[in-house]
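The block underneath contains the structure these notes are about, expressed in structure tokens.
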Amino acid sequence: MNWPKSDADHLIASTAQMRSFENNLINRGMPVEALMEKVGQKLKDWFLERPELLLNGVLILVGPGHNGGDGLVLARELFLENIDVSIWCPLPITQSLTRRHQAYSHWLGIKELHEEPNVYCKTLWIDALFGLGQTRPLPEKIANLLKGREEKQPRRLISIDVPSGICSDTGKTFSNVAATASYTLTIGLNKQGLIQDIAIPYVGELIRLDIGIPQKVLKKDKQINFFKLAGDDLFSIPWPEPSSISSKYQRGRLLVVAGSDKYKGAALLALQGALASGVGSIKALLPQKMADNIWQVSPEIVVSGILGNSIDGESEIGEAILKHKLDRLDSLLIGPGLALANEKWSDIACQLEKFPGLLVLDADALNRLAFSTESWEWINKREGPTWLTPHLQEFYRLFPNLKDLSPLDAAPKAAKMTGANVLLKGAHSLIASPSGVRWQLVSTSSCAARAGLGDVLAGFVAGVGAIGFSIGGAMNDELLALAALLHAEAAKSCKKGSKASSIALALEKLVRHIQCPECVQRNI
Ligand SMILES: NC(=O)C1=CN([C@@H]2O[C@H](COP(=O)(O)OP(=O)(O)OC[C@H]3O[C@@H](n4cnc5c(N)ncnc54)[C@H](O)[C@@H]3O)[C@@H](O)[C@H]2O)[C@@H](O)CC1
Ligand SMILES: Nc1ncnc2c1ncn2[C@@H]1O[C@H](COP(=O)(O)OP(=O)(O)O)[C@@H](O)[C@H]1O
Ligand SMILES: [K+]
């Protein structure tokens, strides 16, 4: 695994891992007091850089543990900067360091509330109630207060480390109530629960405050195999670059099996995604109507077979696939817009098993496999690599035995069970490899969650995969993660709008930029 860098910015930690890093520092001699002071200083700097947040004063909700301690150091520092600060400590403080900070804050003269704060007040609330130490539902009075606050002053609250009420491992609330933050200032490393789709409404914008965990401590931990991917990682992307003398057939040969009379647009969108990847050659098996017209919109595509059509407008793929010479391909995408025909998976199973290139299964190919007698176990029979690109419903349909697991746990399990790489699509899509490495996309754009984007993604990953396969024959695990990141970034930055075909064009431009930055600068 070479990408992204295995540093504090990219590692995603579980609660136990975060605790173990902290303990490592403390056992080596770093005083707990110094660590808390460091956190407090970082918090102070962050707030002072944003004076608009402090205009109506600040109320810090202080919890019993070290999260409360962080809040008290922040309270002291802001007070010393002449900010209007008050604190509220609703529970008896249990950590002695936190108690000492409370005593000092009292001596300094920082205002302390003795009654519940008013949820209507315009003061900014800072949630330093509970952090990593959460294992149970919030006390009722705090739950009601946080609920009331969100109703009366939505998002006028910032959480330290973890929003109170959220599990830092799963991202779930302990009891359907949690602090709803505009920002969560998380300390040291990103905690895995905070980036899960389910936590996004509570976490708001996630900011990581660096506390200088030395690289040698991070490197030593072999357990860390979970990485965050965001826009900045595009600059270090290991794009698969064929040799400069390679012909179109040595730059990836892709076959796309997509579309039906029922879903007419999906094939074109998948082909647009494939074209954006820069793959050398694209062939397609299409329904007759699309095959007749595709040359007018995408003359680059070679139609190499026609799919059958059921009375209900679903595509029958068996015969066309069996007729095709698969051994001349690097990658084969099956799925977008096929609909569910009454075909047996066993008709094509043998040929697909022997196909040595990359097989990408998307949408209705996943559904057809899910409803077949072969089911997910069949994937293990494949000789070549397989990538699966389901959204959540497709995923659980294919892996019903994993339905009690969260996406975070289920995706790596599916990868291990099948030997396939899994891209589980969502707001923060998750990529899992059979080796146990996981990546998760963050800072994606929700306005791009529109129909057809998955088709573009499927075509794009299959194209990138074909290029990768044509170079080495073996697939790098990170290639699927890389393709998913590019797609998400194109969706985010597309100036022409958020519809799938606009995003396919933005994706093509982004790839061009990575392949040849000078060409884009010269506007060629
Ligand atoms: N060791 C340190 O000095 C550092 C501590 N840090 C801070 O410390 C936090 C972790 O501190 P702690 O381990 O003290 O944990 P917390 O501050 O999350 O608090 C745990 C305490 O709250 C109680 N508690 C948890 N959930 C409760 C509930 N629902 N109702 C009532 N009581 C509840 C627990 O019994 C325990 O006493 C981190 O989140 C972070 O904010 C970090 O700043 C890094 C450095
Ligand atoms: N809330 C969201 N924020 C950002 N991206 C999202 C969100 N929801 C879905 N996506 C992305 O949108 C795409 C949708 O794919 P998919 O569900 O297959 O749609 P379709 O089948 O309509 O093309 C995926 O890339 C997914 O990661
Ligand atoms: K908190």
Side-chain angles (χ1 to χ4, degrees), residues 8 22 30-91 93 95-132 145-146 149 153-164 179-189 203-213:
E22 270 175 29
M30 175 62 135
V32 178
E33 290 83 349
L35 205 52
M36 190 175 280
E37 200 57 30
K38 231 174 151 162
V39 172
Q41 296 295 332
K42 284 279 177 173
L43 287 167
K44 175 191 87 169
D45 292 346
W46 190 88
F47 278 101
L48 290 185
E49 279 163 22
R50 291 162 185 80
E52 68 284 359
L53 294 175
L54 308 171
L55 288 175
N56 296 308
V58 172
L59 168 69
I60 303 192
L61 314 178
V62 176
H66 280 166
N67 194 253
D70 291 344
L72 286 166
V73 178
L74 174 64
R76 182 196 69 210
E77 290 299 301
L78 293 180
F79 178 81
L80 294 174
E81 294 286 339
N82 295 319
I83 309 291
D84 175 14
V85 186
S86 41
I87 59 171
W88 182 55
C89 309
L91 299 169
I93 287 182
Q95 289 282 6
S96 63
L97 181 54
T98 307
R99 267 202 300 271
R100 273 154 54 207
H101 282 300
Q102 187 192 25
Y104 191 66
S105 133
H106 187 71
W107 178 80
L108 271 178
I110 296 177
K111 270 180 283 173
E112 187 165 345
L113 304 193
H114 296 288
E115 288 188 356
E116 244 179 45
N118 182 345
V119 291
Y120 288 91
C121 69
K122 289 235 152 56
T123 311
L124 175 71
W125 285 19
I126 297 179
D127 154 32
L129 286 166
F130 308 106
L132 287 183
L145 186 79
L146 292 174
R149 177 65 176 180
Q153 290 288 348
R155 304 257 154 189
R156 215 175 178 76
L157 179 148
I158 293 179
S159 286
I160 297 181
D161 206 20
V162 180
S164 295
T180 308
S182 50
Y183 292 93
T184 295
L185 309 178
T186 204
I187 294 158
L189 300 179
V203 170
E205 192 174 332
L206 182 63
I207 310 281
R208 185 183 71 83
L209 297 183
D210 196 79
I211 53 166
I213 303 176

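We use all heavy atoms of the structure for the numbers below, so side chains are in, but hydrogens, waters and symmetry mates are not.
- Atom CG of Leu185 sits about 10.5 Å away from atom CG of Asp70, to the nearest 0.5 Å.
- Listed for the Arg156 side chain is no donor-acceptor partner under 3.5 Å among the backbone atoms of Cys121.
- To the nearest 0.5 Å, atom CD1 of residue Ile60 and atom CG of residue Leu129 are 11.0 Å apart.
- Shown here are the side chain to side chain contact (heavy atoms under 4.5 Å, CB included) partners of Glu81, two or more places apart in sequence or in another chain: Lys44, Leu48, Ile83.
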> Can you list the steps and then say if Leu132 with Val162 is a side-chain contact (heavy atoms from CB on, under 4.5 Å)?
Replying inline: CA-CA 7 Å; Leu132 287 183; Val162 180; 4.3 Å; yes
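- Heavy atoms only, all atoms of each residue included: Thr184 and Pro163 are closest at OG1-CG, 3.5 Å.
- Residues passing the side-chain hydrogen bond (donor to acceptor under 3.5 Å, both in side chains) test with Asn118: none are found, sequence neighbours excluded.
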> Are Phe47 and Val58 close enough, and set up right, to give a side-chain contact (heavy atoms from CB on, under 4.5 Å), and what steps lead you there?
Replying inline: CA-CA 10 Å; Phe47 278 101; Val58 172; 5.9 Å; no
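- Pairs engaging residues 120-131 under the side-chain hydrogen bond (donor to acceptor under 3.5 Å, both in side chains) rule: Asp127-Ser159, Asp127-Ser164 [sequence neighbours left out].
- Atom CD of Glu37 and atom CG of Leu97 lie 9.0 Å apart (nearest 0.5 Å).
- A pairwise comparison of heavy atoms in Leu157 and Ala179 identifies CD2-CB, 3.9 Å as the closest pair.
- The minimum heavy-atom distance linking Cys89 with Glu112 is given by the pair SG-OE2, 3.8 Å.
- Nearest heavy atoms, Gly40 versus Leu74: O-CD1, 4.5 Å.
- Rounded to the nearest 0.5 Å, atoms CG (Asp161) and CG (Leu43) are 9.0 Å apart.
- Looking at residues two or more places apart in sequence or on another chain, you find no salt bridge (charged side-chain N to carboxylate O under 4.0 Å, His left out) involving Glu116.
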>> For Val32 and His66: C-alpha separation, side-chain torsions, deciding distance, then whether side-chain contact (heavy atoms from CB on, under 4.5 Å) applies.
In response: CA-CA 10 Å; Val32 178; His66 280 166; 4.0 Å; yes
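- Applying the salt bridge (charged side-chain N to carboxylate O under 4.0 Å, His left out) test to residues at least two apart or on different chains, none of the pairs has a partner in residues 48-63.
- Between the CD1 atom in Ile187 and the CE atom in Met36 there is a gap of 9.0 Å [rounded to 0.5 Å].
- The ring pair (Phe, Tyr, Trp, His ring centres under 6.0 Å) search around Tyr183 returns Trp46, not counting sequence neighbours.
- The CD atom of Glu205 sits 10.0 Å away from atom CD1 of Ile158, with the distance rounded to the nearest 0.5 Å.
- Qualifying salt bridge (charged side-chain N to carboxylate O under 4.0 Å, His left out) partners for Glu22, counting only residues two or more places apart in sequence or in other chains: none.
- By the side chain to side chain contact (heavy atoms under 4.5 Å, CB included) test, Lys38 pairs with Met30, sequence neighbours left out.
- Checked against salt bridge (charged side-chain N to carboxylate O under 4.0 Å, His left out), Asp210 has the following partners two or more places apart in sequence or in another chain: Arg208.
- Not counting sequence neighbours, the partners of Pro31 by the side chain to side chain contact (heavy atoms under 4.5 Å, CB included) test are Glu33, Ala34.
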Contacts under 3.5 angstrom, residues 99-111 side chains, donor-acceptor by atom type, not counting sequence neighbours:
| from | atom 1 | to | atom 2 | distance (Å) |
| --- | --- | --- | --- | --- |
| Arg99 | NH1 | Ile93 | O | 2.8 |
| Lys111 | NZ | Asp84 | OD1 | 3.0 |

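- Scanning all heavy atoms of the two residues, the minimum distance from Gln153 to Val119 falls at CG-O, 3.4 Å.
- The side-chain heavy atoms of Leu209 and Val39, taken from C-beta on, include no pair separated by under 4.5 Å.
- Contacts of Leu113 classified as side chain to side chain contact (heavy atoms under 4.5 Å, CB included), with partners at least two apart in sequence or in another chain: Leu59, Trp88, Pro117.
- Residues Ile160 and Gly71 come closest through the heavy atom pair CD1-CA, 4.1 Å.
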